[in-house]
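Before any comments, here is the structure.
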Amino acid sequence: MDGGRQLLRPLDDNTRETDMLGDTAIEGRAYKRIATEEAFCPPELLERYRRLLADNAVDDIGFNGMWGFYANSSSDRCQFIRDHLTDVGDVRLSHMDEAGIDFAVLALTSPGVQVMTTADGTAFATYANDWLADAIARNPDRFDGLAACAPQDPVAAAKEIERGVTKLGLKGVIVNSHIQHEYLDDQKFWAVFEAAEALDVPIYLHPNSPSDGLIKPMLGRGLDGAIWGFSVETGLHVLRIIVAGVFDRFPKLQLVLGHVGESLPFTLYRLDYMHRASAASGRYEGMPALKRSISDYLRDNVHYTNSGVAWDPPIRFLQETMGVDRVMYAMDYPYQYSVEEVARLDAMTIEPAAKKAFFEDNARKLFKLAI
Ligand code: 1DF
Ligand code: MN
């Protein structure tokens with residue numbers, strides 16, 4: 001029994017009739033729609049993944065499972081993903097038009113170059129950023145993008161971030177979570193944070209499959225992917241970064257988390273309580289006392305997108321806990337291309353100003369978009 005109250009259910013609850021669809025023209029709309037977690041893949045990357053898989057060259061259970069599927073399966077889903085990841089031209093633009101997406105911030109699909117050798121990853125990041133800059137130059141009124149980098153060589157990664165931002169005009173950095181089972185809280189990677197903070201651009205900490213130490217119990221029930229494992233991996237990654245004291249060292253640094261904060265906002269109270277208790281007791285060498293609480297860093301050093309979640313209760317909760325000015329729209333194209341989800345989000349029960357902040361203003365400000 002629900003005590004007479006109508007309980008909220010995802011998917012079916014706020015399904016609206018198709019008359020909600022079709023609000024795609026910009027004229028007369030109260031806001032532009034800027035989508036901020038939109039994946040692409042140069043055909044050459046797909047080829048590289050196929051070769052790495054055939055050679056069994058990557059020591060990463062998650063990569064081999066995920067890209068063994070996406071690169072080679074003939075299922076409709078995989079065909080669709082491959083065709084649309086590699087297109088940054090007419091088909092993508094027509095899908096954006098169909099869904100009423102005015103502008104997309106593009107990022108190299110997960111795990112990008114992070115599974116390659118250090119030399120190959122460093123070289124490929126440069127290639128991918130040039131490829132992306134070309135795509136943006138062909139449609140500058142529709143696309144901007146984030147710079148890929150290979151944190152395997154943190155100093156080279158920092159240089160590529162600088163080139164991407166200052167020479168190519170890219171608007172931030174994409175890191176697809178773990179780097180060959182290592183995490184950015186390790187000080188050897190901090191040149192990446194230093195570059196992003198100095199250039200005043202955000203780092204989108206996008207999911208990857210869980211690292212080998214984390215993935216095994218997820219595999220037997222298919223829970224390693226975007227359904228759940230991605231959030232466990234990426235939520236863990238951002239907590240490692242916070243707990244290590246990265247934001248005490250880089251107080252102006254901004255990260256972006258998708259998927260309504262990879263479920264972390266719901267646990268804020270307990271994170272703060274237990275962090276305070278554990279840090280004060282000196283229980284863990286790797287958990288030093290910090291200047292502020294975990295929720296402070298999550299509120300002041302992280303922006304959020306709804307990517308993959310077209311449901312207003314968690315989005316409203318995120319706005320309530322993190323601030324209306326920190327929550328942005330993302331579709332997660334082509335992994336979750338859904339015109340109907342745009343209508344659901346248009347119909348959210350939030351103030352018009354908060355809706356405009358969500359769809360348009362926050363992304364423009366954070367990524368310093370010229371549109
Ligand atoms: C999936 C989703 C795969 C996302 C991704 O990278 C990815 C998926 C290979 O649905 O399997 O980036 N995503 O961001 O939601
Ligand atoms: Mn994504």
Side-chain angles (χ1 to χ4, degrees), residues 37-71 81-82 85-86 88 105-136 145-165 167-168 170-184 186 188-193 195-196 199 201-212 230 233-234 237 255-256 258 335:
E37 190 196 307
E38 314 308 309
F40 76 93
C41 174
E44 169 69 21
L45 182 61
L46 202 51
E47 281 314 305
R48 183 71 64 95
Y49 283 174
R50 286 197 175 111
R51 182 143 37 93
L52 290 169
L53 290 160
D55 295 347
N56 202 16
V58 179
D59 202 8
D60 183 325
I61 296 166
F63 171 77
N64 291 320
M66 186 162 62
W67 280 99
F69 176 61
Y70 281 119
I81 299 288
R82 286 195 295 272
L85 274 176
T86 49
V88 287
V105 179
L106 305 174
L108 190 64
T109 199
S110 183
V113 304
Q114 291 168 219
V115 286
M116 297 179 193
T117 64
T118 302
D120 285 356
T122 300
F124 204 103
T126 300
Y127 170 79
N129 290 334
D130 289 341
W131 197 90
L132 172 59
D134 242 40
I136 294 166
L146 307 180
C149 67
Q152 297 94 306
D153 180 342
V155 172
K159 279 195 193 131
E160 181 58 19
I161 291 167
E162 185 178 7
R163 187 187 78 95
V165 173
K167 301 283 197 300
L168 303 179
L170 300 174
K171 304 300 184 187
V173 181
I174 180 84
V175 173
N176 290 298
S177 200
H178 74 86
I179 301 105
Q180 302 181 11
H181 319 297
E182 296 187 311
Y183 293 86
L184 293 173
D186 187 323
K188 73 180 181 184
F189 292 120
W190 287 17
V192 171
F193 294 135
L199 293 159
V201 294
I203 300 174
Y204 205 121
L205 192 67
H206 184 277
N208 189 353
S209 295
S211 60
D212 277 4
F230 276 24
E233 159 70 22
T234 316
H237 198 159
L255 301 185
V256 184
Y335 294 102

Pairwise side-chain contact, Leu205 with Thr234, heavy-atom cut-off 4.5 Å (strictly under): yes

Heavy-atom pair with the smallest gap, counting every atom of Pro151 and Phe189: O-CE2, 3.2 Å

N/O donor-acceptor pair under 3.5 Å between Tyr49 side chain and Gly112 backbone: yes

Mutual orientation of the aromatic rings belonging to Trp131 and Phe40 [parallel < 30°, tilted 30-60°, perpendicular > 60°]: parallel

CG-CZ distance between Leu170 and Arg163, expressed to the nearest 0.5 angstrom: 8.5 Å

Spacing of NZ belonging to Lys188 relative to CG belonging to Asp153, to within rounding of 0.5 Å: 11.0 Å

Gap separating the OG1 atom of Thr117 from the CG atom of Leu52, nearest 0.5 angstrom: 8.5 Å

Pair Lys167-Asp130, salt bridge (Lys or Arg N to Asp or Glu O under 4.0 Å): steps then yes or no: CA-CA 10 Å; Lys167 301 283 197 300; Asp130 289 341; over 6 Å; no

Asp120/Val113 under side-chain contact (heavy atoms from CB on, under 4.5 Å): CA gap, chis, key distance, verdict: CA-CA 8 Å; Asp120 285 356; Val113 304; over 6 Å; no

Closest approach of Ala150 to Ala125 (non-hydrogen atoms, all atoms of both residues): N-CB, 4.3 Å

Straight-line distance of Leu45 CG to Thr86 OG1, nearest 0.5 Å: 10.5 Å

Backbone N/O of Tyr70 and side chain of Arg82: donor-acceptor pair under 3.5 Å: yes

Heavy-atom side-chain proximity of Leu108 to Pro42 below 4.5 angstrom: yes

Polar side-chain atom of Asp60 near backbone of Gln180 as donor-acceptor pair, under 3.5 Å: no

Aromatic ring pairing His178/His181, orientation class (parallel under 30°, perpendicular over 60°, tilted between): parallel

Note, Glu233 side chain near Ser211 side chain (heavy atom, < 4.5 Å): yes

Residue pair Gln114 / Asn208, side-chain donor-acceptor N/O under 3.5 Å: no

Which atom of Thr109 lies closest to which atom of Ala39, heavy atoms considered: OG1-CB, 3.9 Å

Non-hydrogen atoms of Val173 and Ile161 that approach each other most closely: CG2-CG2, 3.6 Å

Electrostatic pair Lys159:Glu162 at N-O distance under 4.0 angstrom: no

Within 6.0 angstrom of Asp186 CG, more than 12 heavy atoms from elsewhere: yes

Glu160 and Thr126 side chains, donor-acceptor separation under 3.5 Å: yes

Flag side-chain contact, heavy atom, 4.5 Å: Leu106 against Leu132: yes

Gap separating the OH atom of Tyr127 from the CZ atom of Arg48, nearest 0.5 angstrom: 9.5 Å

Minimum heavy-atom distance between Tyr183 and Ser177, given as atom pair plus value: CE2-OG, 4.4 Å

Shortest non-hydrogen separation from Val115 to Gln152 and the atoms involved: N-NE2, 4.3 Å

